[in-house]
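Taking it in order: structure first as structure tokens, then the write-up.
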Amino acid sequence: MADEQLTDQRAGRPVLVAVAWPYASGSRHLGHLAGAYLPADVFARHQRLVGNRVLMVSGSDVHGTPITVRADAEGVTPRELADRYHVEFVADWERLGISWDLYTSTGTDNHAAVTHDIFLKLLSKGHIDRRSSEQYFDGEAGRFLPDRYIEGTCPHCDYAEARGDQCEDCGRTLDPEELLDPRSKITGSSPELRTTEHFYLRLSDFSDELAAWLETREGWRLHVLNFSKGWVEEGLHDRAITRDLDWGVELPVDDLGPGKRIYVWFEAVIGYLSASMEWAQLNGQPEAWRDWWEGDDARSVYFIGKDNIPFHTIIWPGMLLGYGGLNLPTDVPANQYVTFKGGKASASRGVGLTIGAGLEMFQADALRYALAASLPEQSDTDLSVEEIGRRINDELVATWGNLVNRVLSMVHRTCDGAVPAAGGRAPEDLALLEAVDAALVTAGSQIHRVELRAALRTGMGAAAAVNAYLNATEPWKLAKVDPERANVVLGTALAAVVGVRVALAPYLPFSTSTLDDVLGPVDSWERRELSPGSPIGKPTPLFAKVDLDVLLSDQVDG
RNA sequence: GGCGACGUAGCUCAGCUGGUGAGAGCGCUCGACUCAUAAUCGAGAGGUCGACAGUUCGAAUCUGUCCGUCGCUACCA
């Protein structure tokens, strides 16, 4: 076990941190942040500190029917709508400190080119073929309708506003042709069935390979593995990978005539690869992406929400198998959902907070802490403004923020405003430092296993140990009777704080770098002794407590 | 309907392949301390581990049924 981790964490290993592509159809909320972006960032930051070569990529998913429909409703073009949210996302990431190596979008020429390459290769190898089917066509809007944009009467329960994919009243799954009195949700007109031809990905070609591959996965979360195996066992369906749309990546062949595009779910996952290539090009080493996609020692970890599991554990791996020569995911630590007071977070339904709203209420690091402490790694997690505020005030500020302020204040005042020499430490002093070092080892292996909540708790436990050490040694008393001992104790506490800061650095990038001037930058996953004599000025608190009464009353207004 | 999962202290959650008296954080009570953002430290109270029935020497942990909650069901991505 220990040996395995040593080799896994060997410095310089390529680690692809692949993060779900946010859909540029509306603001993202805290559930998305906790589900994918924050855990990915914590993981990536730790991997960099360990010395691995991290490539963390994602981008805005700018295609898909919902974007075209919403754009129509607002009287703008799909590109304008997608651009608007892309800009918002980029600003969110900046404010949150999400440390992308490249954050791009699926709207680039590069992405289209890579998508074409994969499409053509799968086509030439016979994993893509053409089939025709009957689809509802809205003559007034002049386009084919996705199932969910057809309304009608449910044949089972007579509910008048059942959708083409499912009746919301009786919950049954439907085919659009089953609806009585079908209507277009876009224009309200009666759609007609027309024959349309599409390309299909022969996912069934990979059933055996995928089943065998899933059997070899170790360390995967149980819910991810069960869900994925279940999909394969039920039998894989071949899927249409083109749509009757005029918004999306164009086909590299013209067999089907105009008005066809590659559908989002096929091309969006290709973004991981195309973004890696774009990153390599931007860095002047166009072939560098291969280290992450072809190397035997490369790891790839995909951070997604559970709604995306089949795309990353079945479909994308199937596409990669068909293409050949590229690495399949090492791990897909999909998170469950964050609920808000019991309801599924949904920006469109107004449940929960958007990332922007969260950042209005809380400091970025404080928000990162509260979410990281509540990540839905095993099961759904329930959040609220009160819960976030409690995490910040009673945990982050009280334990860690206060500790930093406490120690720096005493060192500043008691030790002549400089780092004391490290010599003369007693067994109890060394025991504290050993505990902090052990916490770094423990937290490191927890993060490596993507147990980010546990690792954060480990770090906070180390902070609590420093507080306990101070209460036991009482340096404020020693300063009056035994200044020499006081210096040793405060020097030890300061050294311990330096170590705890490393453990928390992946979670709290902003407040960590705030201390760079005093404690030096965090550039490796280890505790380093400060140079004796370095100046320690009068500190200012890292975090402010939040006033829940004010926040909650503001929220009511909003 | 089918599939997957969840229901453990007031709150938010951990508890691999069954076995020392059931855990953590926060909250609460009491005590200590006063260097620190009324922060910290220690001690303690608090749970028939959703219900019922099985398997077993022994189950929160396995099986079945039921109740409750949720997600997915392949054209939301």
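Heavy-atom basis, side chains included; hydrogens, waters and symmetry copies ignored. A, B, ... follow the sequence lines: proteins, then strands. Residue 1 opens every chain.
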- Return the nearest nucleotide to the side chain of A/K306; candidates are B/U12, B/C75, B/G71. B/G71
- Message: Side chain of A/Y337, heavy atoms from C-beta onward: which of B/C72, B/U37, B/C33 has the nearest atom to it?
- Response: B/C72
[atom1] atoms of [N] and [M], separation to the nearest Å:
N     : M     : atom1 : result
B/U17 : B/A36 : C1'   : 47 Å
B/G10 : B/G50 : P     : 13 Å
B/A14 : B/A60 : C1'   : 12 Å
B/U12 : B/G7  : P     : 13 Å
B/C28 : B/G68 : P     : 36 Å
B/C70 : B/U61 : C1'   : 22 Å
B/G1  : B/C62 : C1'   : 28 Å
B/G42 : B/A24 : P     : 13 Å

- Item | Contact summary for A/I304 and A/A20, nearest pair of heavy atoms | CG2-CB, 4.0 Å
- Donor on one side chain, acceptor on other, A/S105 and A/H86, under 3.5 Å: no
- Message: Reading RNA chain B from 5' onward, which residue's closest nucleotide shows up sooner: A/P541 or A/A373?
- Response: A/A373
- Taking for A/D380 and for A/A398 the nucleotide of RNA chain B with the nearest heavy atom, the one nearer the 5' end belongs to A/D380
- Query: Is the shortest side-chain N to carboxylate O distance from A/D147 to A/K185 below 4.0 Å?
  - Reply: no
Between [atom2] on [N] and [atom1] on [X], what's the gap in Å once rounded to a whole number?
X      : N     : atom1 : atom2 : value
A/E386 : B/G10 : CD    : C1'   : 15 Å
A/D307 : B/A5  : CG    : C1'   : 15 Å
A/H312 : B/A74 : NE2   : P     : 19 Å

- Message: For a ring-ring contact (aromatic ring centres under 6.0 Å, His included) check, start with the C-alpha distance between A/Y23 and A/H63, then their side-chain angles and the critical distance, and finish with the verdict.
- Response: CA-CA 8 Å; A/Y23 203 42; A/H63 297 133; 9.5 Å; no
Does [Y] offer a backbone N or O that forms a donor-acceptor pair with the side chain of [X] under 3.5 Å?
X      : Y      : answer
A/T399 : A/A464 : no
A/R70  : A/S25  : yes
A/R453 : A/L375 : yes

Using a cutoff of under 3.5 Å, can you pull out all pairs of nitrogen or oxygen atoms linking the protein to nucleotides 23-25 of chain B, with atom names and distances?
| from | atom 1 | to | atom 2 | distance (Å) |
| --- | --- | --- | --- | --- |
| B/G25 | O2' | A/E395 | OE2 | 3.0 |

- Note on the structure: All stems that RNA chain B takes part in, i.e. 3 or more consecutive Watson-Crick or G-U pairs with distances under 3.5 Å, are B:1-7 with B:67-73, B:10-13 with B:23-26, B:28-32 with B:40-44, B:50-54 with B:62-66
- How is A/S25 classified with respect to the nucleic acid when contacts are heavy atoms under 4.0 Å: base, sugar-phosphate, or nothing? nothing
- Task: Using the six-membered ring of A/W247, assess whether NZ or CZ of A/R261 lies under 6.0 Å from its centre and within 45 degrees of the ring axis.
- Result: no
- Note on the structure: Sequence neighbours excluded, the answer for side chain to side chain contact (heavy atoms under 4.5 Å, CB included) partners of A/A455 is A/A443, A/Q446, A/I447, A/Y507
- Message: Does the plane of the ring in A/F206 sit parallel, tilted or perpendicular to the ring in A/H127? Use 30° and 60° as the thresholds.
- Response: tilted
